[in-house]
Amino acid sequence: MPRMVLNRKVLIGAVAACAIAGGGYALMHDAAKKAPRDGGSAPVVAATAHGQDLNIDVNGIGTVQASGTVDIHAQINGTIDKIDFIEGQTVRAGDLLAEIDPRPYQAALQQAEATEARDQAQLINVERDLKRYSDLGESGFASTQQIETQRSMLIQAQALVKNDAAAISKAKTDLSYT
């Protein structure tokens, strides 16, 4: 026969529940004796209500999970400088949650701006060379091939400047995400 081990509080609670049930049965049994046999109404029995603590311990193995969770992913990678929320806090769209070290992104922006300045200077130089070759071509001292090469270099230089502008825009956007 298996042996049962009961917690003292559970045992006391069970005894109290049996006593209450027994008392209720006695009241109902008493009321049933006094009830008229002719199908009329039964008497109502009133008792004084009172409050008392009832210790119920439930032991078990389990896990606790939050009713809602959210995974947070930064739009850029970097070292977190500051966290601006506490666990369990309600946050809304647009709330600042963390600050990422902006220095690498500031450096990338400065690098893109420097590249644009260099390419802008090269563009100006290519434009001047094209004008020179065009003037020489009108005099017969420059070949058509040299002039076409300069036009092609001008298009390349203009494309580099546009690419640099896009790199600056991206660097500014990344910096804003920090």
Side-chain angles (χ1 to χ4, degrees), residues 5-14 17 49 51-178:
V5 178
L6 293 176
N7 185 333
R8 183 171 184 223
K9 290 180 180 179
V10 172
L11 184 59
I12 291 171
Q52 102 185 41
D53 290 338
L54 192 65
N55 293 326
I56 300 174
D57 289 341
V58 178
N59 295 325
I61 299 174
T63 58
V64 176
Q65 290 183 319
S67 60
T69 60
V70 176
D71 291 333
I72 299 172
H73 301 280
Q75 292 177 319
I76 57 170
N77 293 325
T79 304
I80 295 177
D81 278 347
K82 182 179 171 189
I83 295 179
D84 294 322
F85 70 97
I86 56 172
E87 189 174 339
Q89 175 184 344
T90 301
V91 294
R92 290 175 181 69
D95 287 354
L96 181 65
L97 302 178
E99 293 179 23
I100 297 174
D101 184 8
R103 292 176 298 178
Y105 297 99
Q106 289 168 338
L109 175 59
Q110 291 170 347
Q111 187 176 20
E113 289 170 342
T115 301
E116 183 190 39
R118 180 197 65 205
D119 291 342
Q120 190 72 36
Q122 287 177 348
L123 174 62
I124 291 169
N125 190 39
V126 169
E127 287 172 340
R128 288 179 183 161
D129 284 348
L130 177 60
K131 183 174 179 347
R132 284 186 200 110
Y133 278 105
S134 296
D135 291 346
L136 288 172
E138 290 174 8
S139 304
F141 293 110
S143 69
T144 307
Q145 181 181 0
Q146 288 175 322
I147 296 170
E148 292 301 319
T149 300
Q150 286 304 312
R151 281 193 184 118
S152 176
M153 290 178 68
L154 176 65
I155 293 169
Q156 289 176 8
Q158 290 170 338
L160 278 175
V161 171
K162 282 184 182 180
N163 186 50
D164 295 338
I168 289 172
S169 178
K170 181 186 180 324
K172 285 180 179 179
T173 302
D174 288 347
L175 183 58
S176 74
Y177 291 149
T178 63

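Just the heavy atoms: all of them, side chains too, but no hydrogens, waters or symmetry mates, feed the values below. For reference, positions follow the sequence shown, starting with 1.
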Which value, rounded to the nearest 0.5 Å, describes the distance between [X] atom [atom1] and [Y] atom [atom2]?
X    : Y    : atom1 : atom2 : answer
L136 : Q146 : CG    : CD    : 8.5 Å
Q75  : I100 : CD    : CD1   : 9.0 Å
E113 : Q120 : CD    : CD    : 13.0 Å
T79  : D101 : OG1   : CG    : 6.0 Å
Y105 : N77  : OH    : CG    : 5.5 Å

State whether the number of non-hydrogen atoms from other residues, nucleotides or ligands found under 6.0 Å of [X] atom [atom1] is greater than 12.
X    : atom1 : value
I80  : CD1   : no
Y133 : OH    : no
R118 : CZ    : yes

(request) Output yes when K82 and D84 qualify as a salt bridge under the 4.0 Å nitrogen-oxygen rule, no when they do not. (result)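 Looking at K82 and D84, the cut-off is met.
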(request) For the pair R92 and D95, find out whether any cationic side-chain nitrogen is under 4.0 Å from an anionic carboxylate oxygen. (result)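 Answer for the salt bridge query: no.
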(request) Would you please test R132 and D135 for salt bridge (charged side-chain N to carboxylate O under 4.0 Å, His left out) and show each step? (result) CA-CA 5 Å; R132 284 186 200 110; D135 291 346; over 6 Å; no
Tell me whether [X] contacts the main-chain N or O of [Y] through its side chain, where contact means a donor paired with an acceptor under 3.5 Å.
X    : Y    : answer
T115 : Q111 : yes
Q150 : I147 : no
Q89  : I86  : yes
S176 : T173 : yes

(request) Please step through side-chain contact (heavy atoms from CB on, under 4.5 Å) for the pair L97 and V91, ending with a clear verdict. (result) CA-CA 8 Å; L97 302 178; V91 294; 3.7 Å; yes
Mind listing the closest non-hydrogen atom pair of [X] and [Y] along with its distance?
X    : Y    : value
D174 : I76  : O-CD1, 3.5 Å
V161 : E116 : O-OE2, 4.4 Å
D81  : P102 : OD2-CD, 4.0 Å
Q106 : L175 : CG-CD1, 3.5 Å
L123 : Q158 : CD1-CG, 3.5 Å
R151 : L130 : CG-CD1, 3.6 Å

(request) Let me see the working for I56 and V58 under side-chain contact (heavy atoms from CB on, under 4.5 Å), right down to the final yes or no. (result) CA-CA 7 Å; I56 300 174; V58 178; 4.2 Å; yes
(request) Begin with the C-alpha distance, continue with both residues' side-chain angles, and end with the deciding distance and a verdict on side-chain contact (heavy atoms from CB on, under 4.5 Å) for I168 and L109. (result) CA-CA 6 Å; I168 289 172; L109 175 59; 3.9 Å; yes
(message) Between E127 and L154, is there a side-chain heavy-atom distance shorter than 4.5 Å?
(response)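 Yes - at least one pair of side-chain heavy atoms lies under 4.5 Å apart.
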